[in-house]
2 protein chains.
Amino acid sequence: MPSSLTAENTAGRPRRLVIAGMEGCTNCAICEVRAHGVCSALRDDELERLARAAVRMTVPPGHIFIEEGSRATDFFNVTGGTVKLFKSLPDGRRQITGFVSVGHFLGLAVSDRYAFGAEAIDQVKLCRFSRPKLEGMIEEFPRMERRLLAEAANELVTAQDQMLLLGRKTARERVASFLYGQLENHYGDAIPPNAQISFPMTRADIADFLGLTVETVSRTLSGLRKDGLVTLNAGHGITVISPVRLEAIARGGES
Amino acid sequence: MPSSLTAENTAGRPRRLVIAGMEGCTNCAICEVRAHGVCSALRDDELERLARAAVRMTVPPGHIFIEEGSRATDFFNVTGGTVKLFKSLPDGRRQITGFVSVGHFLGLAVSDRYAFGAEAIDQVKLCRFSRPKLEGMIEEFPRMERRLLAEAANELVTAQDQMLLLGRKTARERVASFLYGQLENHYGDAIPPNAQISFPMTRADIADFLGLTVETVSRTLSGLRKDGLVTLNAGHGITVISPVRLEAIARGGES
DNA sequence: CCGGTGCAATGATCCAGGTCAATGCTGTTA
DNA sequence: TAACAGCATTGACCTGGATCATTGCACCGG
C-alpha cells in the first residue's frame, strides 16, 4: 500500500483553521490582481459592487483554510502566495490535486460541501466572497460567469493531464512534467536554456502531487542531475539546463 | 515502465473517423434526453431555436469521433450509449479520463483543439452543435451557461476523486471504487444488497481507467469473488453481494 | 559555538503490481 | 461442430518504486 509521508502532519499535529489577518477591502479597482482572476472580467463600476461583497484575508504558511468536507460557505480568489489543494484517505494517504497561485479562483463545489481541502504553502492572501453574495454577482454580471466557466474548463484540462501522469507515467516522467510545468508558469512558452525556477513547496508536497514518495522524488531529481539535465541549487531552487530534453521526457517521448 | 495492453488497438489498426449515421433533428422538445443534459435548462421555445443548431449522429462501437489534438470545431451532447474519453502518450500508453453516457456534455476545450480523444464503446447517439452556434446559444440563454458551469464543476469534483484514486489507492481499492461508482450510476444512493450491474466496457478499458493492467484488474476481481464480495456473471455482469463492504474498501477504510 | 529540529539525500531491502506466457471461454461464421 | 477471433483468466517471474534506516545539511535559538 503506497503511503504518504506527510500523513503525520495532519495526524500528529492537527492544524486549526486560524485566520490570521482579515480586513475589509473597499477598492477592488486598485487590487494588485486586477489583471488576473475573476475580477478581470468586470468593468470599474462593477468592481465597485464587488468590493462590497469581498473580504480580504491573510493565511500563514501551513494553515488549512478549507477543511475537506466542511460546509462550502465561501468562494476565494487567491491574490498572493501559493495554495495546495488536496484530498485524503482515512489512513492519512494524501493526494495534492493542484497548486494554485495568484489570480486563481477556488471553491466551486457541487454539493454544499467542499470536496477538497486547501492549505497555505507560504504566506497567502485571499479575497473571500460568501456563496450567496457571489451567486448574486454572477446573476448580475454574466461576464463573470463566462470567466468562471473558462477557468473551470481550464482546470478540467489540467486535471486530465494530471490523470494521465498519475495513471501512466513513470517516476522520471512525472518529475520532469512537474519541473516543466513550473518552468511554464514562470516563463510562459518561451523557456530559455538554463532556466531558473524556485518554488515554495517541499519534496513531500511534490511527492503527494505526483503520486510518489519523498524518497523517489529525491532520487529521481538526483538522477536528472547526474544526467546533466538540471542542477539543484540552494533553497528550493533548480536550474534546468535543457528544457527541451526535459519536455521530451515529460511527454513520454524519451527514456 | 507501465504499459497499456490496448496500445495495439491504436497502433496496429488505426481507426478512421467515420460517422455512420447523421440526420437533421427538427424537434428537441421530444428528444429522449430532454430531462437530462444541457437542454434541460431550456424552455420549449428556446428548444425550438436549439433544434436548428443541432445535428443528430450515430457512432458505431470502437469508433473515435473526437481525435486527440484535433481542431475543436464541435460540441456534443450524448443522447445514447457510452463514450470513453482518453489521453495517450506517444508510445501508446493510454489513460481513460472518464466514461460518459446519456445526458452528458462533451467538448469544452480551452484552446481551439481538443485535449482528449473520445471513442464510442457501444452504439452511441449524439447531438452535435458547431462551436460558434453553441456560443450564440450561450449568449442568448444564460440558463444554459449556468448549466454548463454546473456540469463543469461536477466533472472537476469527479476528476479530483480520480486523481486520489490514481495517485494513492491500491489495486483493490481502485477496482472497488470503480464497481461502486457503477452501482451509484444505476441505483443512485439507495443501493440494495446483491445489486446487479452490467457495463459495456472491457477489462482493458477498466484497466486504462484505473491506471492498472488487464491482468491486475482480472486478478483483483477474482480476489473480490474469493472474498465473497461479488459474483462474476456472464457477459460483463457483476453482482455485488455487499455494497457496504465494497464501499468501505473503495474509501480506503479496509484492507 | 553548540545542540536541536526539520527537511533532503542516500543506501539496503521488500513487495504490489507489471510482464510474459499459456489456457479458457464464448460467440460467430461456415 | 469445427475452427477461429477476441476477450478474460491464471500462473510464474521480474522490477520500479515503496519501505525502513541512516546520514547529511541548513537554519534557528540560547
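Model, not experiment: these values are computed from the prediction.
The shortest distance between the side-chain N/O atoms of B:Thr213 and the OP1/OP2 oxygens of C:dG17 is not below 4.0 Å. Of the side-chain N and O atoms in B:His236, one or more sit less than 4.0 angstrom from OP1 or OP2 of D:dA8. Within the 4.0 Å cut-off from OP1 or OP2 of D:dC7, not a single side-chain nitrogen or oxygen of B:Thr202 is found. Of the side-chain N and O atoms in A:Arg225, one or more sit less than 4.0 angstrom from OP1 or OP2 of C:dT10. Applying the 4.0 Å criterion to OP1 and OP2 of D:dG16, one finds that A:Thr170 has every side-chain N and O outside that range.
Here A:Arg245 pairs with A:Glu254 under the side-chain hydrogen bond (donor to acceptor under 3.5 Å, both in side chains) rule; sequence neighbours left out. B:Glu247 meets the side-chain hydrogen bond (donor to acceptor under 3.5 Å, both in side chains) test with B:Arg251; sequence neighbours excluded. By the salt bridge (Lys or Arg N to Asp or Glu O under 4.0 Å) test, B:Arg113 pairs with no residue at all, sequence neighbours left out. With sequence neighbours left out, B:Pro192 forms a side chain to side chain contact (heavy atoms under 4.5 Å, CB included) with B:Tyr187, B:Ala195. Residues forming a side chain to side chain contact (heavy atoms under 4.5 Å, CB included) with A:Thr239 (at least two apart in sequence, or on another chain): A:Asn194, A:Gln196, A:Thr231, A:Asn233. For B:Ser101, the side chain to side chain contact (heavy atoms under 4.5 Å, CB included) criterion is met by B:Thr82, not counting sequence neighbours. The side-chain hydrogen bond (donor to acceptor under 3.5 Å, both in side chains) search around B:Ser88 returns B:Glu68, not counting sequence neighbours.
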Please list, for nucleotides 24-28 of chain C, all pairs of protein and nucleotide N/O atoms separated by less than 3.5 Å.
none

Every protein N/O within reach of nucleotides 20-22 of chain C N/O, cut-off under 3.5 Å:
unit_1	atom_1	unit_2	atom_2	d
C:dC20	N4	B:Glu215	OE2	3.1

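Over its length, the helix from C:dG4-D:dC27 to C:dA30-D:dT1 turns its helix axis by 40°, as judged from the five terminal pairs at each end, rounded to 10°.
Counting any heavy atom pair closer than 4.0 Å across all strands shown, A:Leu232 reaches sugar-phosphate atoms only and no base atom. Across all strands, B:Ser218 comes closer than 4.0 Å to base atoms (heavy-atom distances). At the heavy-atom level, A:Arg174 lies nowhere under 4.0 Å from the strands shown.
Counting only heavy atoms from C-beta outward, the side chains of A:Asp208 and A:Phe86 never approach each other to under 4.5 Å. Inter-residue side-chain proximity for B:Met163 and A:Met163 is flagged as met; some heavy-atom pair is nearer than 4.5 Å.
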Give the table of side-chain donor-acceptor pairs shorter than 3.5 Å for residues 174-185 of chain A, with sequence neighbours excluded, one pair per line with atom names and distance.
unit_1	atom_1	unit_2	atom_2	d
A:Arg174	NE	A:Lys169	O	2.9
A:Arg174	NH1	A:Leu210	O	2.8
A:Arg174	NH2	A:Leu166	O	3.1
A:Arg174	NH2	A:Lys169	O	3.1
A:Ser177	OG	A:Lys169	NZ	3.0
A:Ser177	OG	A:Glu173	O	2.7
A:Ser177	OG	A:Ala250	O	3.4

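Between the CZ atom of B:Arg172 and the C1' atom of C:dC15 there is a distance of 17 Å, given to the nearest Å. D:dC7 atom P lies 13 Å from atom CD1 of B:Ile206, rounded to whole Å. Counting to the nearest Å, the P atom of C:dG17 and the CG atom of B:Leu165 are 12 Å from each other. To the nearest angstrom, P of D:dA8 lies 10 Å from CG of B:Leu221. Distance, A:Ile121 CD1 to C:dC7 C1': 15 Å, rounded to whole Å. Computed from coordinates, the A:Asp208 CG to C:dC7 C1' distance equals 15 Å when rounded to whole Å. Counting to the nearest Å, the P atom of D:dA18 and the CG atom of A:Leu210 are 11 Å from each other. The distance between atom CD1 of A:Ile238 and atom P of C:dA8, rounded to the nearest whole Å, is 11 Å.
Heavy-atom distances to DNA chain C give each of B:Val217 and A:Lys226 a nearest nucleotide, and the one nearer the 5′ end belongs to A:Lys226. Judged by closest nucleotide on DNA chain C, A:Met201 is the one of B:Gly211 and A:Met201 placed further toward the 5' end.
Across D:dT9, C:dA9, C:dG18, the shortest atom-to-atom separation from the side chain of B:Arg203 is found for D:dT9. Here the nucleotide nearest the side chain of B:Leu212, chosen from D:dA18, C:dA9, C:dG18, is C:dG18. Distance from the side chain of A:Ser222 is smallest to C:dA9 among C:dG18, D:dT19, C:dA9.
Judged by distance alone, the side chain of B:Gln160 and the main-chain N or O of A:Lys87 form no donor-acceptor pair under 3.5 Å.
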From CA spacing to verdict: ring-ring contact (aromatic ring centres under 6.0 Å, His included), A:Phe76, A:Phe65: CA-CA 10 Å; A:Phe76 302 89; A:Phe65 61 94; 5.4 Å; yes
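Residue pairs that meet the salt bridge (Lys or Arg N to Asp or Glu O under 4.0 Å) test with at least one member in residues 217-238 of chain B, sequence neighbours left out, are B:Arg172-B:Asp227.
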